Amino acid sequence: MNTDNKSAKAEKPETKYPLNLPDTPFPMRGDLAKREPAWVENWTQKKLYHAIRKVAKGRPRWVLHDGPPYANSEIHMGTAMNKVLKDMVVKSKLMAGFDATYVPGWDCHGMPIEIQIEKKFGKGLPTAAVQSKCRAHATEQVDIQRKGFIRLGVLGEWENPYLTMAPRNEADEIRALRKIYDAGYVFRGLKPVNWCFDCGSALAEAEVEYQDKTDIAVDVGFAFREQDKLAKAFGLSKLPHDKGFVVIWTTTPWTLPANQALNLHPEFDYALVETNDAARPLLVLAKDRIAYCMERWGMQGSVIAECKGKALELIAFAHPFYDRLSPVYLGDYVTLDTGTGIVHSSPAYGVEDFLSCRSYGMKDADVLTPVMGDGKYVASLPEFGGLSIWDANPKIVEHMRAKGTLFKDEKFQHSYMHCWRHRTPIIYRATNQWFAGMDVKPKADGASLRETALAAVEATQFFPAWGKPRLHAMIANRPDWTLSRQRQWGVPMAFFVHKETGELHPRTSELLEAVAKRVEQGGIEAWQTLDPAELLGDDAKNYVKNPDTLDVWFDSGTTHETVLRGSHPEQSKFPADMYLEGSDQHRGWFHSSLLTSCMINGRAPYNELLTHGFVVDQNGRKMSKSLGNVVAPQKVCDTLGADILRLWVASTDYSGELTLSDEILKRVADTYRRMRNTLRFLIANTADFDATKDLVAVEKMSEIDRYALALTRQLVRECREAYARYEFHTVTQKIQVFCSEDLGGFYLDVLKDRLYTCGATSHARRSAQSALHHILQALVRLLAPILSFTAEEIWATVNPGKTVDQSSVFFETWDYVVPGDDGDLLATWKSLRDVRAAVTKAIETVREQGAVGSSLQAKVVVEAPKEIAAQLRRLGEELKFVFITSTAEVKEGAELKVHVAPSTAQKCERCWHYRDDVGSNAEHPSICGRCVSNLYATGEARAFA
RNA sequence: CGUCGAUUAGCUCAGAGGCAGAGCAUCCGCUUGAUAAGCGGAAGGUCCUUGGAUCGUUCCCAAGAUCGACGACCA
């Protein structure tokens with residue numbers, strides 16, 4: 001800014017004639033960071049959420065059931081975005097005319113909290129102490145998170161949320177366990193499950209992720225022991241050498257001490273190879289792998305016989321370093337992609353290994369399980385007892401080298417299963433666990449859980465649609481659900497197990513209910529202190545309490561029982577209308593909830609599933625709890641404001657990744673300013689307008705006003721449709737274009753003349769204000785689910801003197817009627833705007849030559865084809881207002897042409913039009929006849945613009 | 001490794017077998033009666049690449065590249 005400008009402004013002569021200028025206390029700048037907390041306080045004090053419930057009473061209920069965030073650590077951008085999305089869905093359903101409720105919840109049990117407590121107080125605390133510390137920690141975390149969510153403008157039952165650790169919910173969860181037990185889905189068995197040494201527990205499918213890991217890959221020989229059988233299988237009378245090996249390849253040498261079999265594919269061709277290595281004169285390999293293996297081991301060899309894999313079935317070979325035999329079992333899963341075409345089998349440490357050994361009749365008691373829960377071999381294991389399996393790997397390799405059974409060892413990088421919490425490698429480990437069976441058919445003629453769940457997936461509506469095949473595939477392929485965990489901070493699997501037989505107590509069902517009653521009073525702690533004799537009497541001496549807890553996914557997976565039908569039935573319903581979570585919840589909450597509900601109800605607990613992607617930073621990296629690269633939503637609230645964060649969520653297509661950067665936030669803030677300022681214009685120009693008295697009936701409005709209303713109706717229609725599809729980014733895009741193009745770039749610009757210069761209470765001005773009033777009413781309602789704070793601020797400005805319990809934008813709905821009929825208005829004015837664009841462009845050309853400044857300085861002659869000319873002439877004298885020029889003349893011509901010339905008339909001091917009649921009234925020499933009339937007489941009539 | 005999706009202006013994204021679009025950002029101008037605002041204009045493109053079908057393709061088909069999601073990677 002230079003000083004000349006400033007002085008010029010200061011010296012600018014003000015007209016003494018009054019104008020109707022905009023006037024409002026609604027500030028142009030949002031100052032959201034400062035102002036929003038006051039609204040939060042206001043909403044809390046006035047109990048806005050419950051006031052809305054009263055207003056919405058009697059409408060159809062619509063329930064979004066909250067997927068509980070884990071009660072650990074501050075909220076991050078991911079959870080914030082998730083909550084905002086939920087809030088926008090709930091509010092949009094509210095505005096659409098439903099009684100849309102929202103009961104937030106928290107997931108409170110489970111390992112992350114228990115691990116926190118272990119870190120803080122050390123391992124080995126008594127169970128009672130662990131539980132009380134965990135409970136206190138979770139309570140603390142819930143409070144922190146709740147504050148963060150409320151600050152985002154999320155409305156809900158915050159003073160009465162659901163907590164999975166509430167004794168009532170813990171008890172209902174045991175009752176849910178009872179239901180699925182009664183239905184016959186629960187069984188106990190030995191099975192390899194995902195096992196984390198750091199957790200000391202089985203893991204759920206959802207808790208496993210893959211990372212790169214370097215292991216030692218070894219080729220290991222199993223020496224011939226049944227030479228006669230082998231010769232016969234290969235169709236030979238006798239082997240040419242007595243000594244030989246069948247060779248396997250593995251990346252997990254630590255599984256070899258548990259090796260109990262070898263797997264061959266029944267249909268593959270296997271060859272007996274004679275080599276030039278005196279120590280290993282004969283080898284058995286898959287025929288297709290010979291060349292690869294010979295080169296790998298630096299040998300030469302020739303095939304002397306071949307047979308199918310199935311011919312070798314049950315022939316036994318010597319374990320590479322223990323004195324025992326491993327028989328050949330056949331398996332279809334053997335491939336020729338890597339290794340030797342022969343796979344070693346450790347039933348305790350591989351799913352396929354386990355299944356194939358079992359199918360050959362191996363009993364659970366025969367399965368070798370040398371690896372303990374902490375990752376060390378049992379002390380009794382020869383050579384390697386007490387070693388961690390990772391430390392043992394190289395030692396096993398060296399041991400085999402010494403024994404002459406090692407063919408090759410090398411570093412091998414591959415992607416390997418890791419615990420998603422500890423980021424440490426996990427293994428499959430056979431343990432006794434409780435399961436929910438996917439394929440058991442509890443009722444004689446009933447469907448399996450898998451079949452029921454697949455049908456439920458089909459009956460569910462997915463947003464976006466690709467969620468359906470995804471969940472379907474997961475259900476179709478998943479193994480049985482491992483329900484048990486070996487932890488302390490969780491809901492007990494409150495079974496009584498027979499000391500000798502391991503059988504459940506015959507009265508298990510009623511005992512579960514008896515335990516539930518106690519837990520309802522005393523929390524899960526009541527199970528710890530329970531003396532079995534209290535429930536079992538004399539029988540207690542034969543039974544022990546099952547020490548396992550339930551998988552936390554069972555906690556959250558049963559909230560449809562423990563919350564929708566348990567702690568909050570009045571505030572919700574079953575089934576919920578929607579579950580809304582990140583796409584990872586297909587294998588998490590969507591999944592676990594589906595299974596439990598199918599076991600209990602035979603259907604999904606939701607009608608619709610909505611999925612969103614993850615928030616990523618500029619580099620496309622995930623912002624996640626465990627990575628610690630989170631951008632605090634609190635910081636955005638404290639600088640730009642929660643409405644900016646909400647607008648970012650709304651304007652992003654959440655079906656993929658949601659990219660967040662400073663530049664993006666800046667752009668969102670720009671969009672916000674544009675919307676806010678447009679709303680401010682509407683407010684400021686209707687400040688002296690009382691809709692109850694001044695509203696002009698739509699039939700009596702100027703045509704352009706009716707056109708603006710038609711555009712508004714179109715906007716409302718399109719936004720409602722987009723909201724119904726949960727496409728918030730479409731809503732914001734439409735509103736933004738409406739504000740910029742239709743209002744700012746056209747309608748409001750044209751309207752200023754009429755608003756400012758016509759008589760303050762004239763029909764012409766009231767017509768414009770009526771349109772602005774309707775547009776404002778429609779827009780504030782459309783924006784409310786997204787810009788909740790701003791919409792409420794607007795609402796309070798427009799309805800002064802009312803407190804939030806009497807008046808809130810959230811008491812309104814989108815059924816607000818924007819009056820009028822579209823007729824031909826949209827088409828007619830589209831063509832008028834096309835001509836206007838040509839006029840504007842022509843004026844710009846003249847302006848570049850310096851002939852005119854303001855468009856009002858221009859005289860325009862439009863040459864146009866007959867039909868368009870007629871259309872333009874229809875507006876008569878008012879055409880110039882559409883162009884914002886001082887005159888506008890129409891001529892017929894072959895094609896559209898615009899002639900622009902500077903006006904030679906005098907500028908009216910008041911309305912700035914250049915007119916011949918300026919000064920025609922001697923009493924008012926500086927203003928035009930139009931202004932004289934508007935100020936002192938009947939004023940001008942405005943039929944069109 | 002497999003499946004699916006994406007690739008269009010500096011950024012975010014629309015789009016339709018026939019002249020390549022919007023918002024924002026940039027630059028320029030106007031306005032100073034939306035003023036820490038408003039209006040207008042301009043510039044900006046190999047519509048990822050290659051091949052095919054077509055009178056014609058950014059759009060259809062095929063292959064590839066890059067990115068992403070998911071699945072598998074167990075031996």
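Letters go in sequence order (proteins before strands), and every chain restarts at 1. Please read these numbers as outputs of a predicted model, since none were measured by experiment.
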- [ ] Please determine, for B:A16, whether a Watson-Crick or G-U wobble partner exists with both distances under 3.5 Å, and give it or none.
- [x] none

Task: Given B:G41, B:U32, B:A37, the nucleotide with the shortest approach to the side chain of A:K841 - done: B:G41

Open item on the list: Mind checking if A:V852 touches a base, just sugar-phosphate, or nothing, with heavy atoms under 4.0 Å?
Closed with: nothing

Open item on the list: Quiz question: by atom type and distance under 3.5 Å, do the side chains of A:N263 and A:H344 form a donor-acceptor pair?
Closed with: no

Task: Test: A:E793 and A:R676 ion pair at under 4.0 Å - done: yes

TODO: Would you kindly check if the NZ (Lys) or CZ (Arg) of A:R725 is within the cone defined by 45 degrees around the ring axis of A:F463 and under 6.0 Å from the six-membered ring centre?
DONE: no

- [ ] May I ask you to say what A:Y333 touches in the nucleic acid, namely base, sugar-phosphate or nothing, with a heavy-atom cut-off under 4.0 Å?
- [x] base

Task: Whole-angstrom distance between B:G21 and B:U32, as gauged at atom P - done: 34 Å

- [ ] Report the base-pairing partner of B:U54 (Watson-Crick or G-U wobble, both distances below 3.5 angstrom), or none.
- [x] none

TODO: Looking at every strand, decide which applies to A:G853 at a 4.0 Å heavy-atom threshold: base, sugar-phosphate, or nothing.
DONE: sugar-phosphate

Open item on the list: Can you tell whether the side chains of A:K213 and A:D215 come within less than 4.0 Å, N to carboxylate O?
Closed with: yes

- [ ] Compare the minimum distances between each of B:G71, B:U12, B:G41 and the side chain of A:M474, then state the nucleotide with the smallest one.
- [x] B:G71

Open item on the list: Which is it for B:C19, anti or syn, if anything within 90° of zero counts as syn?
Closed with: syn

Task: Listed nucleotide nearest any side-chain atom of A:N677, set B:G41, B:A34, B:G33 - done: B:A34

TODO: Identify the nucleotide, in any strand shown, that forms a Watson-Crick or G-U wobble pair with B:G29, with both distances under 3.5 Å; if there is none, say none.
DONE: B:C39

TODO: Report which part of the nucleic acid A:R667 touches: base, sugar-phosphate, or nothing (heavy-atom distance under 4.0 Å, all strands).
DONE: base

TODO: Please determine if A:D670 and A:K666 form a salt bridge, counting it only when a charged side-chain N lies under 4.0 Å from a carboxylate O.
DONE: no

Task: Between B:C39 (C1') and A:R833 (CZ): distance, integer Å - done: 14 Å

TODO: Please check the phosphate of B:A34 (OP1 and OP2 only) for any side-chain N or O of A:R676 closer than 4.0 Å.
DONE: no

- [ ] Determine whether any donor atom in the side chain of A:S346 lies under 3.5 Å from an acceptor atom in the base of B:A75, or the reverse, and answer yes or no.
- [x] no

- [ ] Sticking with atom C1', work out how far B:A36 lies from B:G41, rounded to a whole angstrom.
- [x] 24 Å

TODO: Both distances under 3.5 Å, Watson-Crick or G-U wobble: report the partner of B:A72, or none.
DONE: none

Open item on the list: Judged by each residue's nearest nucleotide on RNA chain B, which is more toward the 5′ side, A:R847 or A:Q733?
Closed with: A:Q733

Open item on the list: Taking the basic N atoms (NZ, or NE/NH1/NH2) and the acidic carboxylate oxygens, is any pair closer than 4.0 Å for A:R847 and A:E844?
Closed with: yes

- [ ] Using the C1' atoms only, state how far B:G10 lies from B:A25, rounded to an integer number of Å.
- [x] 7 Å

- [ ] Could you measure between the two P atoms, the one in B:C27 and the one in B:G71, and give it in whole Å?
- [x] 46 Å

Open item on the list: When the C1' atoms of B:A63 and B:C24 are compared, how many Å lie between them, rounded to an integer?
Closed with: 37 Å

Task: Of the listed nucleotides B:A34, B:U35, B:G33, the one nearest the side chain of A:R680 - done: B:U35

Task: Presence of A:R673 side-chain N/O under 4.0 Å of B:A25 phosphate oxygens OP1/OP2 - done: no

Task: Nearest-Å distance for atom pair CG/P, residues A:L355 and B:A75 - done: 16 Å

Open item on the list: Distance check, P atoms only: B:A14 and B:G56, in whole angstrom units.
Closed with: 30 Å

Task: Proximity to the side chain of A:R587 - top-ranked nucleotide from B:A25, B:G40, B:G71 - done: B:G71

Task: Base-pairing mate for B:U46 - Watson-Crick or G-U, with both contacts under 3.5 Å - done: none

Open item on the list: Just to be sure I understand the rule, does A:T335 reach a base, reach only the sugar-phosphate, or reach nothing, if contact means heavy atoms closer than 4.0 Å?
Closed with: base

Open item on the list: Using whole Å, what does the distance between atom P of nucleotide B:A37 and atom CG of A:L679 come to?
Closed with: 17 Å

Task: ring-ring contact (aromatic ring centres under 6.0 Å, His included) partner of A:Y349, chosen from A:W195, A:Y428, A:W254 - done: A:W254

Task: Length of the line joining A:L856:CG and B:G40:C1', which is rounded to integer Å - done: 13 Å

TODO: Tell which nucleotide pairs with B:A9, taking only Watson-Crick or G-U wobble pairs whose two distances are both under 3.5 angstrom.
DONE: none

Task: Spacing between A:F26 atom CZ and B:A37 atom P, to the nearest angstrom - done: 15 Å

- [ ] Let me see the working for A:N259 and A:S326 under side chain to side chain donor-acceptor pair (under 3.5 Å), right down to the final yes or no.
- [x] CA-CA 7 Å; A:N259 170 279; A:S326 292; 2.5 Å; yes

Task: Side-chain H-bond candidate by donor/acceptor type, A:D688 with A:Q769, under 3.5 Å - done: yes

- [ ] Choose from B:C24, B:A75, B:U31 the nucleotide whose nearest atom is closest to any side-chain atom of A:T252.
- [x] B:A75

Task: Out of B:U35, B:C39, B:G33, whichever nucleotide has its closest atom nearest the side chain of A:R674 - done: B:C39

Open item on the list: It should be established whether A:T251 places a side-chain nitrogen or oxygen under 4.0 Å from OP1 or OP2 of nucleotide B:A75.
Closed with: yes

Task: Spacing of the C1' atoms in B:A37 and B:G33 (rounded, Å) - done: 12 Å

- [ ] Measure from the ring centre of A:W912 to the centre of the six-membered ring in the base of B:G33, then say whether that distance is under 5.5 Å and the planes meet at under 30°.
- [x] yes

Open item on the list: Without decimals, in angstroms, what is the distance between A:R289 CZ and B:A75 C1'?
Closed with: 12 Å

Open item on the list: From the set B:A34, B:A75, B:G40, return the single nucleotide nearest to any side-chain atom of A:T840.
Closed with: B:G40

Open item on the list: When the C1' atoms of B:U54 and B:A69 are compared, how many Å lie between them, rounded to an integer?
Closed with: 34 Å

- [ ] Among B:A22, B:A75, B:C74, find the nucleotide with the atom closest to the side chain of A:E352.
- [x] B:C74

TODO: Quickly work out the A:I843 CD1 to B:A42 P distance and round it to whole Å.
DONE: 14 Å

- [ ] Examine the base of B:A34 for any acceptor or donor lying under 3.5 Å from a partner atom in the side chain of A:K752, and report the outcome as yes or no.
- [x] yes

Task: d(CD, A:E848; C1', B:A43) in whole Å - done: 13 Å

- [ ] Mind checking the CG-CZ spacing from A:L711 to A:F746? Nearest 0.5 Å is all I need.
- [x] 8.5 Å

TODO: May I ask you to say what A:G613 touches in the nucleic acid, namely base, sugar-phosphate or nothing, with a heavy-atom cut-off under 4.0 Å?
DONE: nothing

Open item on the list: What contact category does A:R910 fall into here, base, sugar-phosphate, or nothing, at under 4.0 angstrom with non-hydrogen atoms?
Closed with: base

Task: Closest to the A:E844 side chain, choosing from B:A22, B:G40, B:C74 - done: B:G40

Open item on the list: Would you say A:Y428 places a side-chain N or O within less than 4.0 Å of OP1 or OP2 belonging to B:A75?
Closed with: no

Task: 5′-ward residue of the pair A:V343/A:S740 relative to RNA chain B - done: A:S740

